[in-house]
Amino acid sequence: MKATPAHDDAAGTGQPEIDASKCVFINCPFDEEYAPLLDAMIMAVVCCGFIPRSSIESGDVAEPRMNRVMRAVFGSRYSIHDLSRCKGEGVGNLARFNMPLELGVAMARRYLDDRQHDWLALVPDRVDYGSFASDLAGFDLMRHNGTVFGVVTATMAWLITRGGAVQLASPKKVAAKVPDFGRRRALLSAKWGGYPPWMHVVDIAVRIAARL
């Protein structure tokens with residue numbers, strides 16, 4: 001992969017405008033426990049020839065998060081939504097509702113834009129998603145087992161069938177490189193005090209993918 005990903009000016013990065021048809025919005029938890037699976041998803045997206053996007057890419061804390069979500073979703077041809085945090089957690093036994101909310105934005109965009117947006121929802125193995133999101137019962141959602149290889153396989157299996165996709169490596173090879181990507185991303189995060197620019201994170205994945 002020769003091109004270096006860039007983000008559009010609307011995202012507040014100062015980078016040249018990019019082709020939305022090559023962008024994939026990632027909607028997933030942003031916490032330490034999920035980090036390896038986020039790394040897996042970023043690597044899988046890049047290794048299918050696309051550019052990952054995220055609500056955290058602008059770094060603009062003065063702007064509501066939902067505005068950033070809307071801009072990233074409407075600036076992407078595809079989106080992937082992991083709904084695996086469907087059970088209550090912590091003292092309050094609360095589930096994560098941000099992921100279903102952002103999936104709703106993607107579904108609305110597809111409806112409003114005459115199918116100019118395509119989305120994938122990931123759900124955990126052995127969980128009946130119809131019991132916690134019955135409106136999704138008519139859709140063919142993709143399952144994963146909560147492992148790096150599981151997320152890479154599910155993500156690549158869907159993306160490789162989308163328009164403009166290229167396969168730079170097999171899911172097995174991509175998954176094997178996720179720990180290396182994770183280490184490099186951690187070093188970058190430490191260098192930036194925990195808030196590395198999203199485009200720099202994506203560039204790490206691009207450089208790793210170029211050697212596969």
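- What you find for G75 and A20 is that their closest heavy atoms are O-CB, 3.3 Å.
- Taking both residues in full, the closest heavy atoms of M156 and A44 are given as CG-CB, 3.7 Å, listed atom of the first, atom of the second, then distance.
- Counting only heavy atoms from C-beta outward, the side chains of H144 and D82 approach each other to under 4.5 Å.
- Within the model, atoms CZ of F50 and OG1 of T155 stand 12.0 Å from one another, a figure rounded to the nearest 0.5 Å.
- Here SG of C47 is found 11.5 Å from CD1 of I42. Values are rounded to the nearest 0.5 Å.
- Note on W119: it does not cluster hydrophobically with F74, by side-chain heavy-atom contacts below 4.5 Å among ILVMFWY residues.
- When all heavy atoms of A154 and L122 are compared, the pair lying nearest together is CB-CD2, 4.0 Å.
- Under the 4.5 Å side-chain heavy-atom criterion for grouping Ile, Leu, Val, Met, Phe, Trp and Tyr, V105 is not connected to V24 through any hydrophobic cluster.
- Between the side chain of R162 and the backbone N or O of W158, at least one donor-acceptor pair lies under 3.5 Å.
- To the nearest 0.5 angstrom, N145 atom CG is 8.5 Å from T153 atom OG1.
- The main-chain N or O of P52 is found under 3.5 Å from a side-chain atom of W198 such that the two form a donor-acceptor pair.
- The shortest side-chain heavy-atom distance between V178 and P36 does not fall under the 4.5 Å cut-off.
- Listed by chain and residue number, F25, H81, M99, E102 satisfy the side-chain contact (heavy atoms from CB on, under 4.5 Å) test with N27 (two or more places apart in sequence, or in another chain).
- When all heavy atoms are compared, the tightest approach of A175 to F149 is CB-CD1, 3.9 Å.
- Between V73 and A106 the shortest heavy-atom distance is CG1-CA, 3.9 Å.
- Between the side chain of R185 and the backbone N or O of D39, no donor-acceptor pair lies under 3.5 Å.
- Placement of L103 and V69 in two distinct hydrophobic clusters is found when ILVMFWY residues are connected by side-chain heavy-atom separations under 4.5 Å, directly or transitively.
- For the pair R184 and D180, the salt-bridge criterion is met [side-chain N within less than 4.0 Å of a carboxylate O].
- Panel note: side chain H117, backbone M107; no donor-acceptor pair is recorded below 3.5 Å.
- In this structure, I208 is a member of the same hydrophobic cluster as L38, with clusters built from ILVMFWY side-chain heavy atoms closer than 4.5 Å.
- Remark: S21 OG to Q116 CD distance equals 10.5 Å, nearest 0.5 Å.
- A distance of 10.5 Å separates CD of E57 from CE of M199, quoted to the nearest 0.5 Å.
- Smallest separation of non-hydrogen atoms from R53 and S76: CD-OG, 3.5 Å.
- Remark: side-chain polar atoms of K177 are not paired, donor with acceptor, to backbone N or O of A209 under 3.5 angstrom.
- A continuous path of hydrophobic side-chain contacts links V206 to I204 [ILVMFWY only; heavy atoms under 4.5 Å].
- By the 4.5 Å heavy-atom criterion applied to side chains, C28 and L37 are not counted as neighbours.
- Note that SG of C23 and OH of Y78 are 11.0 Å apart. Values are rounded to the nearest 0.5 Å.
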